[in-house]
Peer 1: 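One structure, as structure tokens, below. Some questions next.
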Amino acid sequence: MSASSQRVIEQYDKYVMNTYVRNALVITKGKGSRVWGLDGHEYLDLFPGWGVSGLGYNHPWVMTAIRGQSSRLIHLSNNYYHPLQAKAAKQLAELAFDGKVFFTNSGAEAVETAVKLTRRWGQAPPPNGATGSSAGHLVGGRGRYEIIVMERSFHGRTMAALSATGQPKYQRGFEPLVPGFIRVPFNDLAAVEQAVTPKTAAVLVEPIQGEGGVRMADGEFLRGLRRLCDERKLLLIFDEIQTGMGRTGTWFAYQHGGVAPDLLLLAKTLGGGFPIGAVLAKRSIADVLTPGTHATTYGGNPLGCACILAVIEAVTKQQLLERVNTLSPYLVTRLTALQQHLPIIREVRGLGFMIGIELTVDGRPIVDACRAKRLLINCTQGTVLRLLPAMTITKAQLERALSILEDVLTHHAGTRPASAAQAV
Ligand SMILES: *Cc1c(COP(=O)(O)O)cnc(C)c1O
């Protein structure tokens, strides 16, 4: 490692809280699917920013939006109006479903907003003039607050988002958790039905669990949830923070299955690298949050909204959904072919540019070996390699990534099973 890299890492050790598992790599520049390290090497990144750089690092249209908007107005208090927030909200509603948006700064904050909105909706009397029958979903005032969540889900690290997350390993040591989250097995409609009580207000689910190992919700499960939520007057909330904005080949993953949620949570790719999140709620539900009930100082600032608009424009005009839908079958076919002669690959699954490769062995040494060959990928749940390539990646770059991955996996084919390697 270079002396300058060493110096940066020493300063982290001394001054930055040690909350992340960090790789010994200092990165100073990125473009598209490539990043450059202080070690002088170029890396190919198939997991750019945990899905944040879904358009690739420093997409030129996002850069232009930031340059232009930062010369006019970076931040504006939400007590005033700004044309770009109006435009970004309108475009999200047009892409997903008719409703209203609350902008946040992160995914976890979008989850917190959804939890607060759900509690208001389930408990507070309806706002003036809106009654249960005339306002459809708006049936407040019943003392309902419980949210049914899925095992192995991931919703973020702030207290309510952490409490909603279905993985005890993240919650240990942070008790008491926020009450009111009822955990059931993923893809088990009967379990959800059984968990509904007079206190239930909502069901929260990721259409594809990312952190939980790239596990897809069955179409039948999502349709069943929609039916159940309609019958029992519950809110259906889709956390599409990782799957949204084109990652799976449609704007939102739920559009593959055809059932829409009542609340849609977005972040990550939404800002093209700029931190911004959003909650889109159906109109009648959104109206339970009245002036003074919820706020955020930075959320929806003009700079962030300019980024959202640049992302939407790029996905649309550069036909990135089509790119994902063209290149994803190629990626999956190559990986599936590899599975035929490498028994350490247990399963290849996913949708669009959200791919999980489940191994029979611990995935972390493979991630490290790929990095040594200048390819960056992720491993989750101990044995699942996760690829979240940028929608702008070229076929040549995908080919290079695949050949490195093939080399590394072939080399590790003799590794002992994950059970012996104590996977987490
Ligand atoms: C990343 C993620 C979050 C949390 O978002 P942050 O911006 O890190 O707070 C929540 N839900 C899902 C599905 C995610 O992938």
Side-chain angles (χ1 to χ4, degrees), residues 17 19-21 47-54 96 102-118 147-167 169-171 174 177-178 181 183 186-187 202-217 222 236-248 251-254 261 263-280 296 298-301 304 307-308 311 350-356 378-381 384 386-390:
M17 283 196 202
T19 65
Y20 301 93
V21 179
F47 193 70
W50 293 79
V52 166
S53 292
F102 182 89
F103 289 103
T104 66
N105 303 288
S106 69
E109 197 191 355
V111 174
E112 298 286 329
T113 300
V115 170
K116 282 186 71 181
L117 203 165
T118 298
I147 299 178
I148 298 173
V149 297
M150 305 299 139
E151 283 175 8
R152 272 203 276 213
S153 60
F154 181 83
H155 299 294
R157 305 296 198 127
T158 55
M159 274 319 294
L162 179 69
S163 306
T165 289
Q167 302 189 63
K169 69 175 178 182
Y170 292 126
Q171 299 168 335
F174 297 106
L177 299 173
V178 176
F181 296 98
R183 197 187 309 152
F186 187 49
N187 273 333
V203 178
L204 168 61
V205 63
E206 297 154 89
I208 304 176
Q209 291 187 337
E211 216 282 335
V214 191
R215 289 172 203 281
M216 332 237 304
L222 293 182
L236 181 57
I237 309 171
F238 285 170
D239 179 343
E240 292 231 28
I241 289 167
Q242 194 165 139
T243 52
M245 303 309 289
R247 158 116 358 247
T248 68
W251 278 101
F252 310 105
Y254 78 79
L263 266 67
L264 176 66
L265 315 186
L266 301 171
K268 297 215 164 94
T269 296
L270 180 65
F274 189 85
I276 189 161
V279 176
L280 171 66
T296 180
Y298 293 111
N301 62 76
C307 290
I308 293 178
V311 167
L351 204 55
F353 271 1
M354 183 163 183
I355 303 289
N378 171 258
C379 172
T380 185
Q381 301 292 321
V384 182
R386 179 168 38 159
L387 310 181
L388 296 176

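Order of listing sets the numbers, starting from 1, for every ligand and every atom in it.
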Peer 1: Could you measure the distance from the OG atom of Ser106 to the CZ atom of Arg157? Nearest 0.5 Å is fine.
Peer 2: 13.0 Å

Peer 1: Is any side-chain heavy atom of Asp239 closer than 4.5 Å to one of Val111?
Peer 2: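 Touching, per the 4.5 Å side-chain cut-off.
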
Peer 1: Would a 4.5 Å heavy-atom cut-off, applied to side chains only, mark Leu162 and Gln171 as touching?
Peer 2: yes

Peer 1: May I ask you to test the Thr243-Met354 pair for a side-chain heavy-atom distance under 4.5 Å?
Peer 2: yes

Peer 1: Can you work out which protein residues put a heavy atom within less than 4.0 Å of ligand 1?
Peer 2: Ser106, Gly107, Ala108, Phe154, His155, Gly156, Glu206, Asp239, Ile241, Gln242, Lys268

Peer 1: Looking only at non-hydrogen atoms, find the nearest pair between Arg386 and Trp50 and report the distance.
Peer 2: NH2-CZ3, 3.2 Å

Peer 1: Kindly assign one of parallel, tilted or perpendicular to the pair Phe252 and Tyr254, based on the angle between their ring planes and the thresholds 30° and 60°.
Peer 2: parallel

